[in-house]
Each structure stands twice: as C-alpha cells, then as structure tokens.
Amino acid sequence: MKTVFDKPHALTDVPFHYCPGCTHGIVHRLVAEVMDELGIEGKTVGVASVGCSVFSYNYFNCDMVQAAHGRAPAVGTGVKRANPDNIVFTYQGDGDLAAIGTAETIHAATRGENITIIFINNAIYGMTGGQMAPTSLVGQITQTTPYGRKIETQGYPIRVCEMLATLEGPSYLERVSVDDVKNIKNAKKAIKKAFEYQIEGKGFNLIEVLSTCPTNWGLSPVEALEWLRNNLMVHYPLGVFKDKGAENNE
Ligand SMILES: Cc1ncc(C[n+]2csc(CCOP(=O)(O)OP(=O)(O)O)c2C)c(N)n1
Ligand code: SF4
C-alpha cells in the first residue's frame, strides 16, 4: 500500500510526552519536515532549552545539545562559530527566551549571529506548572497572578519580534501561529525560510510561534485554540517584522 502520511526522517520514533492539545508537537514536526526538505539533518545541531521542550533532544534525529535555562542563543553561538558549516537552531519557550534568557537573546540578535531561533510563545511557564511569563497577557490568570496580570505590578507583556526588530543585527523575524491548517502551512514556510537564510549566511533569524498550553491555561484542546485566536493573536499580531533579504531585493 502506498504511504501517504509518515513521520519526517528528522524525527526519532520516541513518542512525544506533550499534553493532549499542546502544539509543541506540531512545531517539532514542522522543523523536522524542513530539515528533511533541505537535506540538512546530518549537519544540523539543535540546542534544547529548559521548559516542556527540554526533551526535544530525544525527538530530533540531528545532533542536539542542551543549554542551561535561557542560555541557548549563547550555546548556539558557540556551536556555530566553532563549526560554521553546521546549521544551528535553538528551540525555546517564552520563559526561557524572554525571561531568564533575555540578555542572550538580545545580544545574539544584535551581533547578527548566523543561527535560527524557534521561539514558542504560549504565554505561560508550562513545565513548572503555569506561572506568569513575560508574554502573559494583561488580565491573564496564572499561578502567580491569581487575580490576573496587572500592569501596575507586573508590567506589560513583551512583544519579542517587535522589540528585536529595533536592532540592526537580525536578518529575519516573523511571528506565526499553529492554530489552524492555513497558519500551520505559513509557519512551515517561515521556518523553512529561516533555515534557508542561515544556509545563505544572512545572519540571525527568529520565528515566534504562538502556541497552546491547554493544561496550564485550564482549557480543553479546542478551547485553547480558540483562546489563542481570540486573545494571543490580538496582542501578538502575525507577520514579518524584519526581512533583510526582502529589503535587499527591493
Ligand atoms: C536556572 C533555572 N531557573 C529556573 C528553572 C525552572 N524552570 C524550568 S522550566 C521553567 C519555565 C519554562 O517555561 P517556558 O520557557 O515558557 O517553556 P514551556 O514549558 O512553557 O514550554 C522554569 C522557570 C530552571 N530549570 N533553571
Ligand atoms: S504543560 Fe503546556 S506547554 Fe507543557 S506539554 Fe503540557 S500543554 Fe504543552
């Protein structure tokens, strides 16, 4: 019988540990499909971060290293500089990238390091049980904001792509979502373009993926997708925030 749907080669056979309805798995698949299509599995090094996706080192078939919390862009920088022929990506949550790892993110971006960052924005700390993240929305109830995030005490949510777009270093910044088929297809296009930019030596690129955490949002998988659409996407508009490749072609 003809196989019409299979696992990408760049994913191992280890079953994902993610909760039902969590979109980490979709993003893993997209990254793996892109590796397959670009034929780069053998020279790709992924940097796993701290958070629910820490076990991504068990799921991707390429070489993987695991960075201390927030340090993935610094580790990725070292791997890429030591072996410029490797294709290097980090895979980080919002707690990892935009809280403890803010400095590493901003400095790798401003240096224009030729690495790809896959940034999972689910507006919460998933692994540790649902504390507020820098990207949690105003009013969002979390374990550490039981009455909702308040501007007076917790400040405003950080829009990472918009913030990094003020720097000259990044070559490509795009925010995507994986809430429906159309957006999943767009997300894959963006991830592929990011890897292609790295292969072409264009420098730092980051794809922010709006994602679900049904477990810590306290919602069913379907409700979580609706919450993402009706809330996350409103505060975090999808789109390209920087594309030096496109600018150069104008
Ligand atoms: C230095 C250090 N501080 C704190 C922790 C605890 N910790 C583990 S995961 C995590 C947050 C992860 O949240 P996020 O990056 O949003 O990823 P998610 O789990 O939502 O995918 C924290 C604070 C740690 N492991 N190491
Ligand atoms: S806790 Fe949230 S982010 Fe972590 S696996 Fe479960 S749904 Fe996904």
Side-chain angles (χ1 to χ4, degrees), residues 11 14-31 46-60 64-76 89-106 108 117-137 140-145 149 154-161 163-164 175-179 184 187 191 206-229 231-232 235-236:
L11 282 181
V14 178
F16 291 155
H17 70 288
Y18 300 116
C19 307
C22 175
T23 48
H24 266 305
I26 295 177
V27 185
H28 279 20
R29 186 181 169 101
L30 297 184
V31 172
V47 185
S49 63
V50 172
C52 284
S53 62
V54 61
F55 295 126
S56 59
Y57 52 62
N58 288 329
Y59 306 143
F60 289 114
M64 296 291 293
V65 274
Q66 204 243 310
H69 207 7
R71 309 306 180 241
V75 172
F89 76 95
T90 73
Y91 189 103
Q92 302 173 255
D94 43 14
D96 189 89
L97 181 142
I100 196 167
T102 318
E104 282 74 7
T105 305
I106 292 177
I117 292 191
I118 308 297
F119 167 42
I120 305 298
N121 181 0
N122 60 14
I124 207 153
Y125 283 20
M127 185 193 220
T128 41
Q131 297 82 2
M132 190 196 93
T135 51
S136 298
L137 299 180
Q140 188 178 334
I141 291 171
T142 71
Q143 291 292 326
T144 44
T145 55
R149 179 178 185 157
Q154 284 95 23
Y156 294 90
I158 296 177
R159 293 187 179 98
V160 169
C161 280
M163 181 176 71
L164 295 180
R175 182 180 296 120
V176 297
S177 169
V178 285
D179 63 296
I184 290 172
I191 291 170
L206 176 147
I207 306 300
E208 175 174 345
V209 187
L210 299 184
S211 295
T212 60
C213 179
T215 301
N216 288 301
W217 292 355
L219 299 173
S220 72
V222 172
E223 288 166 347
L225 291 169
E226 279 158 12
W227 192 85
L228 186 161
R229 257 172 240 133
N231 299 277
L232 272 194
H235 186 78
Y236 299 109

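Residue indices begin at 1 and follow the sequence shown. Each ligand, and each atom within it, is numbered from 1 in the order the structure gives.
Scanning the protein for heavy atoms near atom 15 (O) of ligand 1, the closest one is D96 N, 2.7 Å. At the top of the distance list for atom 13 (O) of ligand 1, counting protein heavy atoms only, stands Y125 CA, 3.6 Å. Summary of contacts: the protein heavy atom closest to atom 20 (O) of ligand 1 is G126 N, 2.8 Å.
Checked by distance only, ligand 1 and D94 come closer than 3.5 Å through their nitrogen or oxygen atoms. Looking at ligand 1, you won't find any N or O of I100 less than 3.5 Å from one of its N or O atoms. Some N or O of M127 is nearer than 3.5 Å to an N or O of ligand 1, by distance alone.
Between the side chain of T144 and the backbone N or O of Q131, no donor-acceptor pair lies under 3.5 Å. Side-chain N or O atoms of N122 include none that pairs as donor or acceptor with a backbone N or O of S211 at under 3.5 Å. In this structure a side-chain-to-backbone donor-acceptor pair under 3.5 Å is present from S220 to E223. Checking side-chain atoms of T212 against main-chain N and O of G21 turns up a donor-acceptor pair under 3.5 Å. At distances below 3.5 Å, not a single donor-acceptor pair connects side-chain atoms of R149 with backbone N or O atoms of M132.
Applying the 4.0 Å criterion to heavy atoms of V50 picks out, from ligand 1, the atoms 8 (C), 9 (S), 12 (C), 15 (O), 25 (N). Proximity to G51 (heavy-atom distance under 4.0 Å) selects the following atoms of ligand 1: 9 (S), 12 (C), 17 (O), 19 (O). Within ligand 1, the atoms closer than 4.0 Å to a non-hydrogen atom of C52 are 18 (P), 19 (O), 21 (O), numbered from 1 in the order shown. Interface atoms of ligand 1 facing G95, defined by a heavy-atom separation under 4.0 Å, are 14 (P), 15 (O), 16 (O).
For the pair S53/I120, no side-chain contact is recorded, criterion being any heavy-atom separation below 4.5 Å from C-beta on. Using a 4.5 Å heavy-atom cutoff, the side chains of W227 and L137 are in contact. In this structure the side chain of Q92 reaches within 4.5 angstrom of the side chain of P73, judged on heavy atoms. Contact check for R175 versus F119: no side-chain heavy atoms found under the 4.5 Å cut-off. The shortest side-chain heavy-atom distance between H235 and T135 does not fall under the 4.5 Å cut-off.
Within the 4.0 Å heavy-atom criterion, the part of N122 lying near ligand 1 is the side chain and not the backbone. Contact annotation for H24 and ligand 1: only side-chain heavy atoms (C-beta onward) come within less than 4.0 Å of the ligand. Of all the heavy atoms of H69, the ones lying under 4.0 Å from any atom of ligand 1 belong exclusively to the side chain. Contacts with ligand 1 closer than 4.0 Å are made by side-chain heavy atoms of T128 only, the backbone lying farther away.
Listed by chain and residue number, the protein N/O/S atoms under 2.8 Å of atom 2 (Fe) of ligand 2 are C213 SG, with waters left out.
Scanning both residues, V50 and A67, for their nearest heavy atoms gives CG2-O, 3.7 Å. Scanning all heavy atoms of the two residues, the minimum distance from E208 to N121 falls at OE2-ND2, 2.9 Å.
Contact annotation: I124 has at least one heavy atom less than 4.0 Å from an atom of ligand 1.
A side-chain donor-acceptor contact under 3.5 Å links T145 and T142.
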